[in-house]
Amino acid sequence: MSRFSPLPVAFYRRSCVEVARDLLGRYIVRRLDGARLIVRIVETEAYLGEGDRASHAWHGRVTRRNATLFKPGDVAYVFLIYGMYNCFNAVTQAGGEGAAVLIRAGSPVAGESEMARRRALRREARPGDLAGGPGKLCQALGIERRHDGGPLRRAELRVTGGDPAAPGEIVSGPRVGVDYAGEAAGWPLRFAIRSDPHVSRPRL
DNA sequence: TCGACGATCATCT
DNA sequence: GATGATCGTCGAG
């Protein structure tokens, strides 16, 4: 598999946690107004589905907002958070389970100046400024609600083979921003490439 | 119909 | 460390 060919459907139809780890190092390739924006995924979080209180699929509840979560793997789940930012997920597993992987951070590979423009940075970019957080990443890559439900294998937006992280350089810890989720808040479902400067805060 | 809230971020102190 | 921005969605009424 080459760095720029889309990951096959079968890649996503595995356990959510497995996919979350395997997505580290892969590329998100975004075609936008003739430009090509690329980031390498350096941080992910697994959201397991109905048994996971932090998941939008908690309790198996299906609503208009989260319907995409229950599709079979290989589609994007994009939702608006705090009225201002989007979050980009890859839906995983066979379908009907509500399992997905949140893409929390990426390291810019190509199109940095366009990303900086989209992020409206007022100062020189420091590591993590462009895509070091789920909201930032979507802003930098122009990922919006209209991508919700779309396959991750289109020219407009795709996830490709990239430069996968070695298992030994993967670290894990509790997920960010889910303190309300009781026991699930402590589950080590956040994954990142060790010491990568573009990983979001708090650092793992 | 309405009130509460969130898988965040930038900008303060 | 604390706070305000900002709005679609959900579930209660």
Side-chain angles (χ1 to χ4, degrees), chain A residues 12 16-17 19-21 23-24 28 39 41-71 73 75-93 97-108 115-149 152 159 171-192 197-204:
Chain A
Y12 301 95
C16 188
V17 169
V19 176
R21 299 175 61 96
L23 276 172
L24 293 173
I28 302 171
V39 302
I41 298 169
V42 299
E43 182 183 355
T44 61
E45 280 176 358
Y47 288 84
L48 305 185
E50 70 171 315
D52 177 0
R53 197 162 161 190
S55 167
H56 289 169
W58 178 54
H59 220 278
R61 174 170 289 138
V62 185
T63 66
R64 170 136 81 252
R65 174 217 213 187
N66 73 7
T68 295
L69 265 182
F70 295 89
K71 288 186 171 183
V75 296
Y77 171 51
V78 182
F79 63 92
L80 180 72
I81 187 66
Y82 296 112
M84 323 176 83
Y85 300 99
N86 289 299
C87 287
F88 172 51
N89 301 249
V91 176
T92 66
Q93 302 185 178
E97 295 147 302
V101 175
L102 170 69
I103 311 300
R104 277 198 63 86
S107 152
M115 293 186 213
R117 191 186 70 75
R118 303 192 69 87
R119 288 273 299 125
L121 286 183
R122 294 193 49 112
R123 53 180 165 78
E124 189 182 350
R126 304 208 292 247
D129 278 350
L130 294 182
K136 299 183 203 176
L137 182 139
C138 284
Q139 210 169 45
L141 297 179
I143 296 175
E144 297 161 6
R145 287 298 311 282
R146 45 182 280 270
H147 296 103
D148 181 61
L152 294 169
V159 180
V171 291
S172 63
R175 294 171 291 183
V176 178
V178 297
D179 292 344
Y180 60 85
E183 185 191 343
W187 296 348
L189 296 178
R190 180 187 184 202
F191 304 97
H198 299 89
V199 169
S200 71
R201 312 186 87 89
R203 300 292 288 278
L204 268 170

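Sequence lines set the chain letters: A, B, ... in the order given, protein chains first and strands last, and positions in each chain run from 1. Everything numeric in this text was worked out from a predicted model, so none of it was measured.
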Which pairs, protein N/O on one side and nucleotides 11-13 of chain C N/O on the other, fall under 3.5 Å?
unit_1 : atom_1 : unit_2 : atom_2 : d
C/dG11 : OP1    : A/R61  : NE     : 2.6
C/dG11 : OP1    : A/R61  : NH1    : 3.0

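- Residues A/R119 and A/A100 both approach DNA chain B. Their nearest nucleotides, taken by heavy-atom distance, put A/A100 toward the 5′ side.
- Every residue two or more places apart in sequence or in another chain that forms a salt bridge (charged side-chain N to carboxylate O under 4.0 Å, His left out) with A/R118 is listed here: A/E114.
- Nucleotides of DNA chain B lying under 4.0 Å from heavy atoms of chain A occupy a range whose first and last members, 5' to 3', are B/dG6 to B/dA10.
- Sorted by residue number, the members of residues 134-142 of chain A with any non-hydrogen atom under 4.0 Å from DNA chain B read A/P134, A/G135, A/K136.
- Residue pairs satisfying the side chain to side chain donor-acceptor pair (under 3.5 Å) criterion with at least one member in residues 172-185 of chain A, sequence neighbours excluded, are listed as follows: A/D52-A/R175.
- Nucleotides B/dA7 and C/dG11 place their P atoms 14 Å apart, quoted to the nearest Å.
- A pairwise comparison of heavy atoms in A/Y77 and A/R65 identifies CE1-O, 3.5 Å as the closest pair.
- Residues meeting the side-chain hydrogen bond (donor to acceptor under 3.5 Å, both in side chains) test with A/D129, sequence neighbours left out: A/R123.
- Taking A/Y85 as the reference, nothing meets the ring-ring contact (aromatic ring centres under 6.0 Å, His included) condition, with sequence neighbours excluded.
- Closest approach of A/R190 and A/L204 over heavy atoms only: NH1-CG, 3.8 Å.
- Distance noted for atom P between C/dG13 and B/dC5: 14 Å (whole Å).
- Residues passing the side-chain hydrogen bond (donor to acceptor under 3.5 Å, both in side chains) test with A/Y12: none are found, sequence neighbours excluded.
- Secondary-structure stems of DNA chain B, taken as three or more successive Watson-Crick or G-U wobble pairs (i with j, i+1 with j-1) under a 3.5 Å distance threshold, comprise B:1-6 with C:7-12, B:8-12 with C:1-5.
- Atom-to-atom distance recorded for A/W187:CH2 and A/E45:CD is 13.5 Å, nearest 0.5 angstrom.
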Pairs of donor and acceptor atoms involving the side chains of residues 97-105 of chain A, under 3.5 Å and at least two apart or interchain, shall be tabulated with distances.
unit_1 : atom_1 : unit_2 : atom_2 : d
A/E97  : OE1    : A/A94  : N      : 3.1
A/E97  : OE1    : A/G95  : N      : 3.3
A/E97  : OE2    : A/Q93  : NE2    : 3.2
A/R104 : NE     : A/E43  : OE2    : 2.9
A/R104 : NE     : A/S200 : OG     : 3.3
A/R104 : NH2    : A/S200 : OG     : 3.0

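- Atom CD1 of residue A/I41 and atom OG of residue A/S107 lie 11.0 Å apart, to the nearest 0.5 angstrom.
- Looking at every heavy atom in both residues, A/L23 comes nearest to A/A90 through CD1-CB, 4.3 Å.
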Listing, residues 132-148 of chain A side-chain donor-acceptor contacts under 3.5 Å, not counting sequence neighbours, or none:
unit_1 : atom_1 : unit_2 : atom_2 : d
A/K136 : NZ     : A/G128 : O      : 3.2
A/Q139 : OE1    : A/R119 : NH1    : 2.5
A/R145 : NE     : A/V78  : O      : 3.1
A/R146 : NH2    : A/E156 : OE2    : 2.6
A/H147 : ND1    : A/E144 : N      : 3.0
A/H147 : ND1    : A/E144 : O      : 3.3
A/H147 : NE2    : A/E156 : OE2    : 3.1
A/D148 : OD1    : A/T68  : OG1    : 3.4
A/D148 : OD1    : A/V78  : N      : 3.0
A/D148 : OD2    : A/T68  : OG1    : 2.9

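- A/L152 contributes atom CG, which lies 9.0 Å from atom CD1 of A/I28 (distance to the nearest 0.5 angstrom).
- Heavy atoms of A/R201 sit nowhere under 4.0 angstrom from any nucleic acid atom.
- Here the closest non-hydrogen pair linking A/H56 and A/L69 is CB-CD1, 3.8 Å.
- When heavy atoms are screened at a 4.0 angstrom cut-off, A/R175 is found touching no nucleic acid atom at all.
- Here the closest non-hydrogen pair linking A/G186 and A/P174 is O-CB, 4.2 Å.
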Distances under 3.5 Å only, N/O to N/O: pair up the protein atoms with those of nucleotides 5-8 of chain C.
unit_1 : atom_1 : unit_2 : atom_2 : d
C/dT6  : O2     : A/Y82  : O      : 2.4

